[in-house]
Protein chains: 2
Amino acid sequence: MPPSSIDHNIDLPAAGRRPTMAEIARIAGVDTSTVSRALAGSPRVTKETRALIDKIVKETGYVVNETARHLRGGRANQILVIVSDIAAPFYSDVVQGIVETLAERGINVLLGVTLRQPKRETQLAKQLLTGVVDGIITVTGSIPKPILNMPGFERKVVAISRAVPHEGVTCVTIDNYSAAKQVMQHLRQMGHQHIVYIGGPSYSETYRDRSAAYADFMRENGLNDFTNMRSTDTFNNDAESGLEIMRSILNDGVCPTAVFCATDELAIGAMAAARQANKAIPDDMSFFGFDDLKLTPLMSPPLSTVAVPRFEMGHNGAEALFRQVYNDAPVSTKVVLEHRLVLRESVARIA
Amino acid sequence: MPPSSIDHNIDLPAAGRRPTMAEIARIAGVDTSTVSRALAGSPRVTKETRALIDKIVKETGYVVNETARHLRGGRANQILVIVSDIAAPFYSDVVQGIVETLAERGINVLLGVTLRQPKRETQLAKQLLTGVVDGIITVTGSIPKPILNMPGFERKVVAISRAVPHEGVTCVTIDNYSAAKQVMQHLRQMGHQHIVYIGGPSYSETYRDRSAAYADFMRENGLNDFTNMRSTDTFNNDAESGLEIMRSILNDGVCPTAVFCATDELAIGAMAAARQANKAIPDDMSFFGFDDLKLTPLMSPPLSTVAVPRFEMGHNGAEALFRQVYNDAPVSTKVVLEHRLVLRESVARIA
DNA sequence: AGCGATAATGCAATCGGTTGGATTGTCAAG
DNA sequence: CTTGACAATCCAACCGATTGCATTATCGCT
């Protein structure tokens, strides 16, 4: 029987409640299955029925209940991004890359912030276990324990920027060791020997790689006497810590000709400390950063640094997770993106 | 009949699939309703049954399916934050405040980025209509049209930083007009008369308020001849635009003694442009910013600016939305937080 | 006219919980 | 020994969509 053509204006759903598919069906005089198929664009529905349903949908302002769809379909079309601190420019850029990429694919992004508390990370992990999200992108360098017990968790997790100590988990990074080595080579070529290093927390492979490159280079070039590494283990990894660490370096009577900072944020703070101690940059002291944050070219002086493709990292990570979760493509365990040295005016050539 | 005490190890759920509540119930020899109540802490369950269920839950690693719970309960326990660009430090700070506040309350935060495209905003709005989220926090100064048709949408939306042109919608801001007026008074007290203003897009009330304060002040103090406002209508509101605008000002032969920038980011760019034109800051040219981004005290020279409580805005907005949506507390239509002038070294006193 | 093929739609199970009300069991009081 | 009260548990509907399969309608063909 064709759908009835009774006047369907007589019984609109109660105001204040959104109409359900059942109501659309009742008004149209068809079954919910027909409405469902009509809206899904199934060829099994006549033009007329489809038109009628479309009209009613428009009139009532019906929108599908995604929660019901998810329950039935088993997919949330949502993923979770875990960062330690979205207020840090590095992470917010990565997240921007992720969000843009997934928005195009109709995937929602849940934002989880750990503030470096393992407890929070564990809580966030539950979102995957409870089915709220279909996958996780972590930018913290670790995977919460509860997840490791999920069979096949590898294809539901992607790590960005920081490698993760688990076999088979896709990881999008750069070659931190090489990059740091190149920085050191550049500083040496510019005549610097007394180079100190301000690093990030050693529990992160990223920062271990960078500091290892520094230490190796100093050793390999017979500069052991100058080797001096300070880290932010007990600090946050931000400009404030850079300031404090640089102050302590100067207080210790150490006076390098160049300072290599493991992040631009640290460099910003370190340079401020140097200025406060009346050092001219770069004439008295040179600085090299890492990340190429957007504002580094506008600093005074513009900061030489390593360009890290943050948006691309986010983009690639999101793309990888999407394929693994929604297209069951094979996992690609390691993606290494290109970095690039950006030479500006914060490094002086010395005799 | 008490729950059976048969050995429940014999039939664990199939590996790879998470167990459902039905399976827990079957293993325990009780009904799902009992399991549900046991897990919810209902007093209608005996200690013994509860203990048995807890044990099985632990052994099987059962976790509730939130999607099913949401469907039944009608609540997603998720809200959506809409920003134009999470990579901008202002927004990422606000979002950090929001996320932290809601994490404590067990509410997830979905991150929506519009890139200033109205189409994206409309798409994002659907998340509310489809029931994916229970409410929206917008930091863009506008509410997507589809939402305006929802009866009672006012209590499901909160605007942060930028007011929204809709009666009854809670809005968390500062008094931009007063703040800008105070900045102008300060500059005048420091002897400045030739002050130009670099502003944000005029479609935002926030920036209209700041520029109005500038224009009013100049008029009220007989400085009309010096009045010169440039805006970023066609630019993004970032450091790059600050650079370009300042360049164009200098190219026009305009040479103010002080520049008031509507955001710190603009100021960073503008100062870079001034430096490139060999202006000494603040001796040749003074600068005043707006926002008090974290790195402003570390700039060279440290930037005088208006401290805007970004985290608190996020916090208050999140708190307000939470109460409106989940505690049906009355909506408070306007929350005005305190700002504060932070005087550093980017403004010189002149004759 | 009868029959099969095919197109359009309806039926009912399903996803995995929650919850109001019915049911069963236990114990004490009469 | 019956009855009532109360505690513990079960039953079944429900949330709102999707989908395999059954059913009905339509049309062409002989």
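The analysis underlying the following values was restricted to heavy atoms, covering all of them including side chains, and did not include hydrogens, waters or symmetry mates.
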(request) Evaluate the side-chain proximity of A:Val335 to A:Thr173: yes if any heavy-atom separation is below 4.5 Å, no if none is. (result)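 Not touching, per the 4.5 Å side-chain cut-off.
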
(message) Both A:Thr34 and B:Pro43 contact DNA chain D. Taking the nearest nucleotide for each, which residue is further toward the 5' end?
(response) B:Pro43

Tell me: [atom1] of [X] to [atom2] of [N], nearest whole Å?
{"X": "B:Asn65", "N": "C:dG17", "atom1": "CG", "atom2": "P", "result": "5 Å"}
{"X": "B:Asn77", "N": "C:dG17", "atom1": "CG", "atom2": "P", "result": "16 Å"}
{"X": "B:Arg44", "N": "D:dA8", "atom1": "CZ", "atom2": "P", "result": "10 Å"}
{"X": "A:Leu71", "N": "C:dG17", "atom1": "CG", "atom2": "P", "result": "9 Å"}
{"X": "B:Arg37", "N": "C:dA22", "atom1": "CZ", "atom2": "C1'", "result": "12 Å"}
{"X": "A:Met21", "N": "C:dA12", "atom1": "CE", "atom2": "C1'", "result": "16 Å"}
{"X": "B:Ile24", "N": "C:dG16", "atom1": "CD1", "atom2": "P", "result": "13 Å"}
{"X": "A:Arg69", "N": "C:dG16", "atom1": "CZ", "atom2": "P", "result": "18 Å"}

For [X], answer base if it contacts any base atom (sugar-phosphate contacts may also be present), sugar-phosphate if it contacts only those atoms, and nothing otherwise; contact means non-hydrogen atoms under 4.0 Å.
{"X": "A:Val35", "value": "nothing"}
{"X": "B:Asp31", "value": "base"}
{"X": "B:Val64", "value": "sugar-phosphate"}
{"X": "A:Arg72", "value": "base"}

Where is the tightest heavy-atom contact between [X] and [Y], given as atom of each residue plus distance?
{"X": "A:Val35", "Y": "A:Met21", "result": "CG1-CG, 3.6 Å"}
{"X": "A:Leu129", "Y": "B:Val63", "result": "O-CG2, 3.3 Å"}
{"X": "A:Gly141", "Y": "A:Pro165", "result": "O-CD, 4.0 Å"}
{"X": "A:Cys171", "Y": "A:Ala163", "result": "SG-CA, 3.4 Å"}

(request) Could you walk me through whether B:Gln78 and B:Gln127 pass side chain to side chain donor-acceptor pair (under 3.5 Å), step by step? (result) CA-CA 10 Å; B:Gln78 277 187 175; B:Gln127 305 299 330; over 6 Å; no

(message) Could you check whether the side chain of B:Ser33 and the base of D:dC11 have a donor-acceptor pair of N or O atoms closer than 3.5 Å, going by distance alone?
(response)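 Yes, the side chain and the base share a sub-3.5 Å donor-acceptor pair.
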
(request) Enter the inter-axis angle for the ends of the helix from C:dA1-D:dT30 to C:dG30-D:dC1 (five pairs per end, rounded to 10°). (result) 70°

Going by atom types only, do [X] and [Y] share a side-chain donor-acceptor pair under 3.5 Å?
{"X": "A:Thr46", "Y": "A:Thr49", "result": "yes"}
{"X": "B:Tyr326", "Y": "B:Asp134", "result": "yes"}
{"X": "A:Glu121", "Y": "A:Gln117", "result": "no"}

(request) Residues of residues 122-133 of chain A with any non-hydrogen atom less than 4.0 angstrom from an atom of DNA chain C: list those, numerically ordered, please. (result) none

Which donor-acceptor pairs under 3.5 Å do the side chains of residues 313-325 of chain A make with protein atoms, sequence neighbours left out?
from, atom 1, to, atom 2, distance (Å)
A:His315, ND1, A:Thr101, OG1, 2.8
A:Glu319, OE1, A:Arg105, NH2, 2.9
A:Glu319, OE2, A:Arg105, NH2, 3.0
A:Gln324, OE1, A:Thr170, OG1, 2.5
A:Gln324, NE2, A:Arg155, O, 3.1

Distance check: side-chain N/O of [X] vs OP1/OP2 of [N], anything under 4.0 Å?
{"X": "A:Thr49", "N": "C:dT9", "value": "yes"}
{"X": "A:Thr46", "N": "C:dT9", "value": "yes"}
{"X": "A:Tyr62", "N": "D:dG16", "value": "no"}

